[in-house]
Protein chains: 2
Amino acid sequence: MRIYLIFLKFESIIKIMSNSSRKILSEHSVSITNPRILVLEALMEFGNPITIDELQLKLKDSVAKSTLYRVLNDLKKINILNEFTSPDNSTVVELILEDHPHHHHLFCSDCGEVIDVELSDEFELMLTKEIEKIQKNFNFEIKDHRVEMIGLCTEECANCK
Amino acid sequence: MRIYLIFLKFESIIKIMSNSSRKILSEHSVSITNPRILVLEALMEFGNPITIDELQLKLKDSVAKSTLYRVLNDLKKINILNEFTSPDNSTVVELILEDHPHHHHLFCSDCGEVIDVELSDEFELMLTKEIEKIQKNFNFEIKDHRVEMIGLCTEECANCK
DNA sequence: CTAATAAATGAGACTTATTCTCATTTATTG
DNA sequence: CAATAAATGAGAATAAGTCTCATTTATTAG
């Protein structure tokens with residue numbers, strides 16, 4: 001078993017993310033612009049789903065508010081951005097790249113954190129069967145589903161009131 | 001087997017709903033006012049979850065906008081109103097009275113209709129187990145959950161574009 | 001049943017998230 | 001590198017929801 005230890009300077013990480021942002025944009029035939037790169041980098045750096053408020057805060061000195069919303073809409077159009085509303089009514093956004101598996105969300109109703117969670121394959125299978133039943137009963141064609149779980153993260157969380 | 005056919009005039013139905021609205025309010029020690037009765041009646045009459053826009057339209061000649069929002073907040077406070085955001089970002093509201101069982105929602109992404117659906121007991125049991133696992137893994141206390149299904153209702157729907 | 005008081009209402013001003021406009025800047029392409 | 005189409009920034013416009021305050025209504029104590 002070989003172990004590699006890789007040290008990367010912060011600037012190198014930024015460069016890698018910037019490159020991958022460029023790649024994502026060109027793969028979707030979207031022109032490569034500075035605001036788009038900055039938004040993608042911020043989303044990648046944060047990792048988890050993020051509220052538009054937080055994103056705006058991170059980018060307030062580099063991307064105009066109107067441009068931020070426009071870029072988010074662009075990313076939605078090419079299907080790499082998922083947008084939803086959290087139970088406390090803030091708009092949350094997350095990047096969905098190829099390696100991002102099917103997942104659901106866990107919301108802390110205190111600090112507002114949103115966490116991606118995967119549920120077991122058996123569960124997803126069972127949900128698929130339920131969905132088939134519903135489709136028949138209601139004459140509905142179901143294209144997508146999501147499970148949202150709402151609760152509280154532990155006291156250790158620094159952001160919880 | 002005895003069959004009862006019951007004919008009720010429209011006015012009688014309204015009177016029944018009005019009475020039950022009064023009952024609901026007094027049971028929750030909330031003062032009985034005209035706007036509150038009108039909002040409850042409208043929610044009961046519609047039956048399904050309804051967008052605030054539609055509700056506002058139904059009540060625009062009888063309840064002021066500010067009062068409508070205030071009444072909805074009052075109903076949330078006494079835990080008989082559930083509010084959520086549909087995938088097309090409109091705010092949806094539904095009455096949750098004693099006889100309203102645990103359920104989930106089906107959204108038509110075309111006409112915006114929202115339908116209550118119940119899932120099987122086995123499914124709910126399995127979901128409970130998944131939730132227990134998640135609680136442990138993420139050090140999270142899960143208080144509530146919801147399953148949302150998004151799709152299209154059939155062509156027969158008059159409201160679909 | 002009525003008067004006194006506390007609570008609720010209506011109308012419209014205010015706030016805040018998101019979209020739109022338009023003059024300027026930037027990316028793409030040939 | 002120039003021409004052209006697309007994207008951006010700044011701030012105006014829109015719309016959902018909240019707030020203010022003068023007026024009305026419901027509740028209750030007597």
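Chain letters run A, B, ... following the sequence lines, proteins first and then strands; every chain starts at 1.
Side-chain contact between B:Ile80 and B:His28 is present, with heavy atoms from C-beta onward closer than 4.5 Å. Looking only at side-chain heavy atoms (C-beta outward), A:Leu106 and B:Ile142 come within less than 4.5 Å of each other. Put simply, the side chain of A:Ile37 reaches to within 4.5 Å of the side chain of A:Leu25, judged on heavy atoms.
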Review item, side-chain donor-acceptor pairs of residues 57-71 of chain A, under 3.5 Å, at least two apart:
| unit_1 | atom_1 | unit_2 | atom_2 | d |
| --- | --- | --- | --- | --- |
| A:Ser62 | OG | A:Leu59 | O | 3.3 |

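B:Glu83 pairs by the side-chain hydrogen bond (donor to acceptor under 3.5 Å, both in side chains) definition with B:Lys76, not counting sequence neighbours. Partners of B:Asp88 by side-chain hydrogen bond (donor to acceptor under 3.5 Å, both in side chains), not counting sequence neighbours, listed by chain and number: B:Ser86, B:Ser90. With sequence neighbours excluded, the residues satisfying side chain to side chain contact (heavy atoms under 4.5 Å, CB included) with A:Glu124 are A:His102, A:His104, A:Leu119, A:Leu127, A:His145. Residues satisfying the side chain to side chain contact (heavy atoms under 4.5 Å, CB included) test with A:Lys143, not counting sequence neighbours, are A:Glu141, B:Leu152. Shown here are the ring pair (Phe, Tyr, Trp, His ring centres under 6.0 Å) partners of B:His100, two or more places apart in sequence or in another chain: B:His103.
Sequence neighbours left out, the pairs with a member in residues 115-137 of chain B that pass ring pair (Phe, Tyr, Trp, His ring centres under 6.0 Å) are A:Phe123-B:Phe123.
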Write down the protein N/O and nucleotide N/O pairs, taken from nucleotides 27-30 of chain D, whose separation is under 3.5 Å; answer none if there are no such pairs.
| unit_1 | atom_1 | unit_2 | atom_2 | d |
| --- | --- | --- | --- | --- |
| D:dT27 | OP1 | B:Ile32 | N | 3.2 |

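At least one donor-acceptor pair under 3.5 Å links the side chain of B:Arg36 to the backbone N or O of B:Ser31. Checking side-chain atoms of A:Thr85 against main-chain N and O of A:Thr91 turns up no donor-acceptor pair under 3.5 Å. Under the 3.5 Å distance criterion, the side-chain polar atoms of B:Ser26 are left unmatched by any main-chain donor or acceptor of B:Ser29.
Within residues 64-79 of chain B, the residues having any heavy atom under 4.0 Å from DNA chain D are, by residue number, B:Lys65, B:Ser66, B:Tyr69, B:Arg70, B:Asn73. Less than 4.0 Å separates DNA chain C from at least one heavy atom of each of the following residues of residues 87-97 of chain A: A:Thr91.
One atom, CD of B:Glu83, and another, P of D:dA16, lie 14 Å apart when rounded to the nearest Å.
First and last contacting nucleotides of DNA chain C toward chain A (any atom under 4.0 angstrom from a heavy atom, 5' to 3' order): C:dA17 to C:dT28.
Classified by interplanar angle (parallel below 30°, tilted 30° to 60°, perpendicular above 60°), the ring pair A:Phe107/A:Phe84 is perpendicular.
Over its full length, the helix from C:dC1-D:dG30 to C:dG30-D:dC1 turns its helical axis through 40°, comparing axes from the five pairs at each end and rounding to 10°.
Within 6.0 Å of the CG atom in A:Asn137, the count of heavy atoms belonging to other residues, nucleotides or ligands exceeds 12.
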